[in-house]
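Contents: one structure, followed by commentary.
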Amino acid sequence: QVQLVESGGGLVQAGGSLRLSCVASGRTFNPYAMGWFRQAPGKERDFVAAIRWSAGITRYADSVKGRFTISGDSAKNTVYLQMNSLKPEDTAVYYCAAQNTGLRQWVLGAYDYWGQGTQVTVSS
């Protein structure tokens with residue numbers, strides 16, 4: 001019913017910036033929350049950031065606080081992740097997700113729809 005497509009990943013030097021986008025398609029898109037997760041090779045998929053779609057309340061993993069900003073544009077059915085001061089440890093595949101349930105936004109299993117992921121590589 002809902003398709004999510006991420007874009008904006010790439011290769012960047014440490015200290016640089018990238019802006020990821022996630023566009024949703026399908027019937028009228030009105031999720032409870034949107035989130036960003038990331039997964040490095042051989043590791044679990046970890047929470048990065050989330051935003052309650054209507055309220056605009058955001059939550060961030062401690063590792064990205066002060067560096068990443070999540071935002072949404074309901075008119076474009078799009079969620080963004082602005083990533084500044086990137087570090088090599090930020091290297092991962094980044095996934096966006098949509099939640100309908102209202103469960104805890106930092107929990108992987110709380111999300112109903114997932115994008116295909118976009119690669120972010122930060123060189124040292």
Side-chain angles (χ1 to χ4, degrees):
Q1 183 177 6
V2 175
Q3 183 179 7
L4 306 176
V5 180
E6 302 97 333
S7 63
L11 176 65
V12 65
Q13 191 174 13
S17 298
L18 285 173
R19 189 193 194 201
L20 306 183
S21 299
C22 175
V23 180
S25 63
R27 297 182 66 181
T28 301
F29 186 66
N30 189 29
Y32 179 81
M34 296 288 295
W36 287 95
F37 292 75
R38 65 188 182 186
Q39 186 169 22
K43 295 189 175 181
E44 300 291 329
R45 191 172 299 186
D46 294 326
F47 171 76
V48 176
I51 182 170
R52 288 176 57 186
W53 203 241
S54 180
I57 299 172
T58 59
R59 183 185 294 271
Y60 298 92
D62 289 342
S63 59
V64 306
K65 286 181 179 178
R67 300 188 298 120
F68 291 11
T69 302
I70 186 171
S71 61
D73 186 340
S74 59
K76 295 183 176 181
N77 291 341
T78 302
V79 64
Y80 304 95
L81 185 68
Q82 178 67 47
M83 305 184 294
N84 299 325
S85 301
L86 283 162
K87 305 174 181 179
E89 52 262 44
D90 295 319
T91 295
V93 176
Y94 283 70
Y95 299 88
C96 72
Q99 179 191 94
N100 295 324
T101 63
L103 299 175
R104 293 175 295 172
Q105 282 78 63
W106 60 95
V107 176
L108 180 72
Y111 288 82
D112 303 287
Y113 305 99
W114 292 86
Q116 84 289 345
T118 185
Q119 177 70 48
V120 172
T121 302
V122 184
S123 64
S124 58

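All of these numbers come straight from a predicted model, not from anything done at the bench.
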>> Any heavy-atom pair between the side chains of Arg67 and Asp90 that's under 4.5 Å?
In response: yes
> When rounded to the nearest 0.5 angstrom, what is the spacing between NZ in Lys76 and SG in Cys22?
Replying inline: 14.0 Å
> What residues form a side-chain contact (heavy atoms from CB on, under 4.5 Å) with Asn30, not counting sequence neighbours?
Replying inline: Trp53
> Quick check: does any side chain N or O of Glu6 sit under 3.5 Å from a backbone N or O of Gly117, one acting as donor and the other as acceptor?
Replying inline: yes
>> Do Phe47 and Val120 sit in one hydrophobic cluster, given that two such residues count as connected whenever their side-chain heavy atoms are within less than 4.5 Å of each other, even indirectly?
In response: no
>> Would you compute the distance between atom OG of Ser124 and atom CD of Gln13 and round it to the nearest 0.5 angstrom?
In response: 9.0 Å
> Is a donor on one side and an acceptor on the other found under 3.5 Å between the side chain of Thr91 and the backbone of Val122?
Replying inline: yes
> Looking only at heavy atoms, what is the nearest atom pair of Leu4 and Ala98, with distance?
Replying inline: CD1-N, 3.7 Å
>> Restricting to non-hydrogen atoms, name the atom on Asn100 and the atom on Tyr113 that form the minimum distance, rounded to 0.1 Å.
In response: ND2-CE1, 3.3 Å
> Is a donor on one side and an acceptor on the other found under 3.5 Å between the side chain of Tyr80 and the backbone of Thr69?
Replying inline: no
> Distance from Trp36 atom CH2 to Ile51 atom CD1, nearest 0.5 Å?
Replying inline: 12.5 Å
> After noting the C-alpha distance and the side-chain angles of Leu20 and Met83, does the key distance pass the side-chain contact (heavy atoms from CB on, under 4.5 Å) rule?
Replying inline: CA-CA 8 Å; Leu20 306 183; Met83 305 184 294; 3.7 Å; yes
> Closest approach of Asn84 and Ser17, non-hydrogen atoms and distance?
Replying inline: OD1-OG, 2.9 Å
>> Nearest 0.5 angstrom please: Thr121 OG1 to Leu86 CG, how far?
In response: 10.5 Å
>> If I take atom CE from residue Met34 and atom OG from residue Ser74, how far apart are they, to the nearest 0.5 angstrom?
In response: 12.0 Å
> Just wondering, do Ser63 and Arg38 contact through their side chains at under 4.5 Å, heavy atoms?
Replying inline: yes
>> As an exercise, state the distance from OG of Ser7 to CZ of Arg19, rounded to the nearest 0.5 Å.
In response: 10.0 Å
Side-chain donor-acceptor pairs of residues 104-111 under 3.5 Å, sequence neighbours excluded:
from   : atom 1 : to     : atom 2 : distance (Å)
Gln105 : NE2    : Gln99  : OE1    : 2.9
Gln105 : NE2    : Leu103 : O      : 2.4
Tyr111 : OH     : Gln105 : O      : 2.7

>> For a side-chain contact (heavy atoms from CB on, under 4.5 Å) check, start with the C-alpha distance between Tyr95 and Val48, then their side-chain angles and the critical distance, and finish with the verdict.
In response: CA-CA 10 Å; Tyr95 299 88; Val48 176; over 6 Å; no
> Quick one: are Phe68 and Gln82 in side-chain contact, heavy atoms under 4.5 Å?
Replying inline: no
